[in-house]
> 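Sharing a structure with you now.
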Amino acid sequence: MSAIDPASVELGLDTFGDVSLDASGQPEHHGVVLRHVVDQAVLADQVGLAFIGLGEHHRDDFAITAPDVVLAAIASRTERIRLGSAVTVLSSDDPIRVFERFSTLDALSSGRAEVILGRGSFTESFPLFGFALEDYERLFAEKLDLFAQILTEEPVTWSGSIRPPLTDQRIYPPTESGRLKVWIGVGGTPQSVVRAAHYRLPLMLAIIGGPPAQFVPFANYYRELLAADGVEPLPVGMHSPGYVAETDEQARDELFGHFQAQRDRIGRERGWPPTTRIQFERDASPEGALYVGSPQTVARKIATNLQALGVSRFDLKYANGAMPHDQLMRCIELYGTQVAPLVRDMLA
């Protein structure tokens with residue numbers, strides 16, 4: 001178990017803007033969902049949470065296609081919470097435009113912008129924006145290399161196979177701090193860990209299935225790679241799905257139907273077997289990747305895995321299917337007012 005300084009621990013939230021149900025049980029309009037996401041982020045700021053991350057998707061069950069635009073709206077109504085993507089699918093975006101959008105957000109939010117870069121577990125953006133899936137690896141590798149150079153905020157000279165070369169090109173606006181905070185989201189491959197260490201970028205582990213303990217080797221490997229190159233330790237965080245209610249039974253009962261419907265829809269697209277209650281309960285157990293239960297249960301699981309992996313940030317993906325807005329708001333309230341203090345007490 002790694003020693004974690006309770007004062008350094010950050011608890012955040014992630015959402016894809018899952019399309020929720022209205023009072024009559026019908027899917028809400030995407031516009032309504034987007035306004036709800038802003039309200040949810042405002043509440044997260046009010047209860048003292050550290051971060052809100054918005055995931056990018058281009059499909060009917062998720063409302064957020066332009067995280068930076070929604071984050072700018074959130075920036076205008078919040079004061080402290082940091083604002084980021086979760087994730088930006090860099091492979092199907094333009095690195096220069098990504099930097100410009102988030103450095104602009106950084107200016108508007110007085111330095112609160114972050115980017116979590118990833119390849120994404122959904123691929124609908126590739127045909128939508130005219131990219132070939134067979135170029136999946138090459139696109140991410142080259143665009144990340146360019147983005148890493150842009151992050152220096154010095155004139156960029158770069159060449160590759162995916163776009164015309166750049167020669168002493170400045171990118172605007174620069175950040176006031178001189179460095180935009182950027183993470184690499186990793187789903188669990190050694191190659192992704194090596195890439196994060198190579199570019200000296202913080203590591204965000206996306207733990208959405210299986211025992212969190214299986215990611216300990218990846219976190220340790222990342223630290224070893226940095227140490228071998230004489231680099232000071234960089235932040236490591238983790239992201240997992242979950243939901244908080246007053247009791248374990250209430251949390252599991254309120255979440256299960258929505259979680260099952262969403263997982264089975266995605267499963268039909270990918271050839272997964274149907275989700276069962278037994279599987280759900282296993283994922284919600286202390287050894288699983290689903291953080292669902294009372295504040296005490298969720299806090300205990302977060303504290304245990306923060307210590308096991310030696311990470312200092314935990315982001316809860318609090319929207320998992322078509323759960324109503326009022327339930328998501330109560331989850332955020334409990335997470336900020338009860339779970340976060342309990343986690344720090346347990347780590348003390």
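This chain uses plain numbering: 1 for the first residue, then up along the sequence.
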> Mark yes or no for whether Arg270, through its side chain, and Gly267, through its backbone, hold a donor-acceptor pair below 3.5 Å.
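No.
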> In terms of side-chain heavy atoms, does Arg138 have a donor or acceptor partner in Ser91 at a distance below 3.5 Å?
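The answer is no; no qualifying pair exists.
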> Can you tell if the side chain of Asp135 reaches within under 4.5 Å of the side chain of Ile162, non-hydrogen atoms only?
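Result no, sub-4.5 Å side-chain heavy-atom pair not found.
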> Take His239 and Phe314, measure what ring pair (Phe, Tyr, Trp, His ring centres under 6.0 Å) needs, and give me the verdict at the end.
CA-CA 6 Å; His239 146 113; Phe314 177 87; 8.5 Å; no
> What is the minimum heavy-atom distance between Ala50 and Glu10, and which atoms define it?
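Distance-wise, the nearest heavy atoms are CB-CB, 3.8 Å.
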> Do the numbers put Arg313 on top of the ring of Phe51, so that NZ or CZ is under 6.0 Å from the six-membered ring centre and no more than 45° off the axis?
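Here Arg313 passes the 6.0 Å and 45° test against Phe51.
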> Hydrophobic clustering (ILVMFWY, side-chain heavy atoms < 4.5 Å, transitive) - are Met346 and Leu306 grouped together?
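No, it is not one cluster - the side chains of Leu306 and Met346 are not joined through contacts under 4.5 Å.
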> Would you say Lys301's side chain and Val292's backbone share a donor-acceptor pair under 3.5 angstrom?
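No.
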> Taking Val33's backbone N and O only, do any of them form a donor-acceptor pair with Glu28's side chain (distance below 3.5 Å, no angle check)?
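Not a single qualifying donor-acceptor pair exists.
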> Could I get the full list of ring pair (Phe, Tyr, Trp, His ring centres under 6.0 Å) partners for Tyr136, not counting sequence neighbours?
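Scan of Tyr136 (ring pair (Phe, Tyr, Trp, His ring centres under 6.0 Å), adjacent residues dropped) gives Phe126.
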> Measure across Glu56 and Thr65 and return the closest heavy-atom pair with its distance rounded to 0.1 Å.
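Shortest heavy-atom contact: CG-O, 3.8 Å.
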> Quick test of your reading of the model: are Asp68 and Arg101 salt-bridged, counting only N-O distances below 4.0 Å?
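So Asp68 pairs with Arg101 through a salt bridge.
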> Does the pair Phe62 and Gln262 meet the rule for a side-chain contact (heavy atoms from CB on, under 4.5 Å), with working shown?
CA-CA 11 Å; Phe62 300 125; Gln262 182 184 72; 3.4 Å; yes
> Are the charged groups of Asp106 and Lys181 less than 4.0 angstrom apart, N to O?
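Looking at Lys181 together with Asp106, the answer is no, because their closest N to O distance does not fall below 4.0 Å.
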> Just wondering, more than 12 heavy atoms not from Glu232 lying within 6.0 Å of its CD?
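No.
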> Spell out, as yes or no, whether a donor-acceptor pair under 3.5 Å connects the side chain of Ser85 to the backbone of Ile116.
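Yes, because the side chain of Ser85 sits within donor-acceptor range (under 3.5 Å) of the backbone of Ile116.
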> Salt-bridged, Arg170 to Glu153, with N to O below 4.0 Å?
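No, no charged N to carboxylate O under 4.0 Å.
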> Is the positively charged end of Arg252 above the ring of Phe280, judged by distance under 6.0 angstrom from the centroid and angle within 45° of the axis?
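Pair Arg252/Phe280 does not count as cation-pi.
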> Do the side-chain N and O atoms of Asp248 and Thr297 include a donor-acceptor pair separated by under 3.5 angstrom?
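Thr297 and Asp248 do have a side-chain donor-acceptor pair below 3.5 Å.
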> Step through the shown structure and confirm whether more than 12 heavy atoms of other residues, nucleotides or ligands are within 6.0 Å of CG on Leu133.
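Yes, enclosed.
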> Indicate whether the side chain of Arg112 and that of Thr78 have a donor and an acceptor atom separated by less than 3.5 Å.
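There is such a pair between these side chains.
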> How far apart are the C-alpha atoms of Phe147 and Asp94, what are their side-chain angles, what is the distance that settles it, and do they pass the side-chain contact (heavy atoms from CB on, under 4.5 Å) test?
CA-CA 9 Å; Phe147 195 82; Asp94 181 273; over 6 Å; no
> With distance as the sole test, does Asp14 use its side chain to make a donor-acceptor pair with the main-chain N or O of Leu316 at under 3.5 Å?
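Answer holds: no.
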> Check whether the side chains of Tyr243 and Glu254 place a donor and an acceptor atom closer than 3.5 Å, and report yes or no.
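Their side chains do contain a donor-acceptor pair, which is all the 3.5 Å distance test asks for.
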> Could you tell me whether the side chain of Asn320 and the main chain of Gly242 form a donor-acceptor pair under 3.5 Å?
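Such a contact is found between Asn320 side chain and Gly242 backbone.
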> With sequence neighbours left out, write down each residue that passes salt bridge (charged side-chain N to carboxylate O under 4.0 Å, His left out) with Asp168, or none if nothing qualifies.
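None.
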> Take a 6.0 Å sphere around CD of Glu124 and say whether it holds more than 12 heavy atoms from other residues, nucleotides or ligands.
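For Glu124, atom CD is crowded (more than 12 foreign heavy atoms under 6.0 Å).
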> Under the 3.5 angstrom rule, does the side chain of His57 hit a backbone N or O of Arg59 as a donor-acceptor pair?
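Not confirmed, His57 side chain does not pair with Arg59 backbone.
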> Is any side-chain heavy atom of Phe99 less than 4.5 Å from a side-chain heavy atom of Ser103?
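Counting from C-beta outward, Phe99 and Ser103 do come under 4.5 Å.
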> Closest approach of Met323 and Leu255, non-hydrogen atoms and distance?
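Nearest heavy atoms, Met323 then Leu255: CE-CA, 3.5 Å.
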> Would Leu151 and Val182 count as a side-chain contact (heavy atoms from CB on, under 4.5 Å) if you check the C-alpha gap in whole Å, the side-chain angles of each, and the deciding distance to 0.1 Å?
CA-CA 9 Å; Leu151 281 179; Val182 176; 3.7 Å; yes
> Run the side-chain contact (heavy atoms from CB on, under 4.5 Å) test on Asp39 and Arg77 for me, step by step, so that the C-alpha distance in whole Å, both residues' side-chain angles and the decisive distance to 0.1 Å come before the verdict.
CA-CA 9 Å; Asp39 290 339; Arg77 293 183 54 193; 3.1 Å; yes
> Is it the case that the side chain of Thr88 and the backbone of Leu90 share a donor-acceptor pair, with hydrogens and angles ignored and the cut-off at 3.5 Å?
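Absent.
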> Has Ile96 got more than 12 heavy atoms of other residues, nucleotides or ligands less than 6.0 Å from its CD1?
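Correct, the count exceeds 12.
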> Charged N to carboxylate O under 4.0 angstrom, Arg277 versus Asp253?
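Salt bridge flag = yes for Asp253 with Arg277.
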> Just grab all the side-chain hydrogen bond (donor to acceptor under 3.5 Å, both in side chains) pairs involving residues 139-149, residues at least two apart or on different chains.
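Pairs touching residues 139-149 that pass the test: Glu142-Ser161, Asp145-Trp158, Asp145-Tyr199.
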> So which atom in Ile81 and which in Asp45 form the shortest heavy-atom distance, rounded to 0.1 Å?
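In this case the closest contact between Ile81 and Asp45 is N-OD1, 2.9 Å.
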> For Pro235 and Trp183, work out which heavy atoms get closest and say how close.
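What the structure gives for the nearest pair is CB-CH2, 3.8 Å.
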> Within the side chain of Arg268, is there an N or O that forms a donor-acceptor pair under 3.5 Å with the backbone of Arg263?
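No.
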> Would you say Ser240's side chain and Ile207's backbone share a donor-acceptor pair under 3.5 angstrom?
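Here the side-chain-to-backbone pair exists.
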> Could you tell me whether Glu287 and Arg282 have a side-chain N and a carboxylate O separated by less than 4.0 Å?
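Arg282 and Glu287: not salt-bridged.
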> In the structure I gave you, are the side-chain heavy atoms of Pro95 and Val98 within less than 4.5 Å of one another anywhere?
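No; the side chains remain at least 4.5 Å from each other.
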